[in-house]
Structure formats: C-alpha cells, structure tokens
Amino acid sequence: MPTLSVCMIVKNEEKHLKNALSSIKDLADEIIIVDTGSSDNTKEIASTFTQKIYDYTWNDNFAEARNFSLQHATSDWILILDADETLSKVDNQRIVSLIKEAPREISGFIMTQRNYVSSQEH
C-alpha cells in the first residue's frame, strides 16, 4: 500500500492546528511540521500528533520553506496542507483510494478546495 506524508508550514497556529491535524491523523503515515518561529503553543500542539517538527528561519520565501518540508518527507505521496485547512472523512477515503489505485505514470492529483466562511466570530 502506498504511503502518505502530510507537510505543513506553520507559525502561531494554535487556534487552528489541532483541527487540521485531527482531520488527517488517520490518513497520514507521517506528519511533517515546519515551524517558522511560533511564539504560541503551536509546537506543543503539533507534538501531540508528530515528533517530526523542524524549525526553519523564515526568509519571506514560501517556496524555500515548502521545499524544506518536502526534504523531510519519506512517503510515496505527499499532501501539502495549511494549518487552517481540514479534510473530511469522505475526502480521506477518496485520497486513500486514489493513491492506492494510481497507475505508475500518475505523479499527482489536483483537488477541489472548498472555503467556508462564517459571519460570526468564534
């Protein structure tokens, strides 16, 4: 069965990170967290899901930070998420099916992203 790494770049995401990681914890074979200088509880929250937490000095370059996270991934497939994004259980199953059944010549998938906005403060 193909394996899946989930890579995230984070900074001060204590408000969202638990929800994001909870949504993929059963999907991911490994979770890679790259922290770019959090001063809140982001790293403590991440450590309840993974020990693969790496510090990265932010240099205003998302591509370099993303590449740094990808260097630590060891799985067959990689899913990149932001700390305020979540996946539904249905999507988890869909991803498992896609990577399990993907022919060798397929090297990636494009996924539909849905944004939900509430007018109420939480």
Side-chain angles (χ1 to χ4, degrees):
M1 172 97 146
T3 55
L4 179 70
S5 297
V6 175
C7 295
M8 285 187 181
I9 300 170
V10 300
K11 182 177 181 184
N12 294 332
E13 290 289 352
E14 70 180 2
K15 182 177 177 183
H16 303 285
L17 189 58
K18 183 177 180 183
N19 286 338
L21 294 175
S22 293
S23 79
I24 53 90
K25 68 180 174 61
D26 296 329
L27 172 66
D29 294 289
E30 71 177 352
I31 299 170
I32 310 296
I33 302 290
V34 171
D35 187 88
T36 61
S38 292
S39 58
D40 64 3
N41 291 319
T42 294
K43 288 169 73 173
E44 290 80 6
I45 294 166
S47 71
T48 65
F49 292 88
T50 183
Q51 295 306 305
K52 295 183 177 192
I53 302 169
Y54 303 93
D55 291 316
Y56 183 81
T57 302
W58 181 245
N59 62 358
D60 289 327
N61 189 318
F62 279 103
E64 288 180 15
R66 180 70 64 220
N67 288 339
F68 181 77
S69 74
L70 298 176
Q71 290 172 6
H72 295 286
T74 62
S75 295
D76 302 312
W77 290 88
I78 298 171
L79 175 63
I80 297 170
L81 287 180
D82 288 342
D84 62 350
E85 295 178 321
T86 60
L87 292 179
S88 71
K89 295 235 183 264
V90 170
D91 290 333
N92 282 354
Q93 291 306 313
R94 195 168 294 152
I95 290 168
V96 168
S97 295
L98 283 171
I99 65 175
K100 182 179 177 184
E101 298 167 9
R104 280 192 168 269
E105 61 271 9
I106 300 295
S107 59
F109 296 97
I110 296 173
M111 301 172 69
T112 300
Q113 184 178 29
R114 294 179 194 97
N115 295 302
Y116 300 95
V117 178
S118 172
S119 61
Q120 299 177 13
E121 293 273 331
H122 293 283

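Fair warning: this is a prediction, and the values are worked out from it, not measured in the lab.
Looking at T86, its side chain never comes within 3.5 Å of a backbone N or O of A20 through a donor-acceptor pair. Formation of a donor-acceptor pair under 3.5 Å by the D82 side chain with backbone atoms of D84 is not found in this model. Between the side chain of E30 and the backbone N or O of T74, at least one donor-acceptor pair lies under 3.5 Å.
Hydrophobic clustering of Ile, Leu, Val, Met, Phe, Trp and Tyr side chains at less than 4.5 Å, counting indirect connections, unites W77 with M8. No single ILVMFWY cluster, assembled from side-chain heavy atoms under 4.5 Å apart, contains both Y56 and F62. In this structure, I80 is not a member of the same hydrophobic cluster as V96, with clusters built from ILVMFWY side-chain heavy atoms closer than 4.5 Å. Clustering ILVMFWY residues whenever any of their side-chain heavy atoms sit less than 4.5 angstrom apart, transitively, puts L4 in a cluster other than the one holding L70. Linking Ile, Leu, Val, Met, Phe, Trp and Tyr whenever their side-chain heavy atoms come within less than 4.5 Å leaves W58 and V10 in two separate clusters.
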Query raised in the report: How far apart are the C-alpha atoms of V34 and C7, what are their side-chain angles, what is the distance that settles it, and do they pass the side chain to side chain contact (heavy atoms under 4.5 Å, CB included) test?
Result: CA-CA 8 Å; V34 171; C7 295; over 6 Å; no
Requested in this report: Tell me, with the steps shown, if R94 and M111 meet side chain to side chain contact (heavy atoms under 4.5 Å, CB included).
Outcome: CA-CA 11 Å; R94 195 168 294 152; M111 301 172 69; over 6 Å; no
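For the atom pair NZ of K25 and OG1 of T48, the computed distance is 10.5 Å after rounding to the nearest 0.5 Å. Here the straight-line distance linking atom CG of L27 with atom NZ of K89 works out to 10.0 Å at 0.5 Å rounding. One distance of note links CD of E64 with CD1 of I9; it measures 11.0 Å at 0.5 Å rounding. A distance of 11.0 Å separates CD of E44 from CG of L17, quoted to the nearest 0.5 Å. Atom-to-atom distance recorded for T3:OG1 and M1:CE is 9.5 Å, nearest 0.5 angstrom.
At a threshold of 4.5 Å between non-hydrogen side-chain atoms, the residues I78 and I32 do not count as touching.
Classification of K15 and D40 as a salt-bridged pair fails, no side-chain N sitting under 4.0 Å from a carboxylate O.
Contact between D29 and S75 at its shortest, heavy atoms only, is CB-OG, 4.2 Å. In this structure, I31 and T50 approach most closely via the heavy-atom pair O-OG1, 2.8 Å. Here the closest heavy-atom approach between residue L87 and residue I24 is recorded as CD1-CG2, 3.5 Å. Minimum heavy-atom separation, F49 to I45: CD1-O, 3.4 Å. A pairwise comparison of heavy atoms in I53 and K43 identifies CD1-O, 3.7 Å as the closest pair. The shortest non-hydrogen separation linking I99 to P2 is O-CG, 3.2 Å.
Inspection of the E13 and T42 side chains reveals no N or O donor paired with an N or O acceptor under 3.5 Å.
In this pair, F68 and Y54 present their aromatic rings perpendicular. The plane angle is above 60°, beyond the 30 to 60° band.
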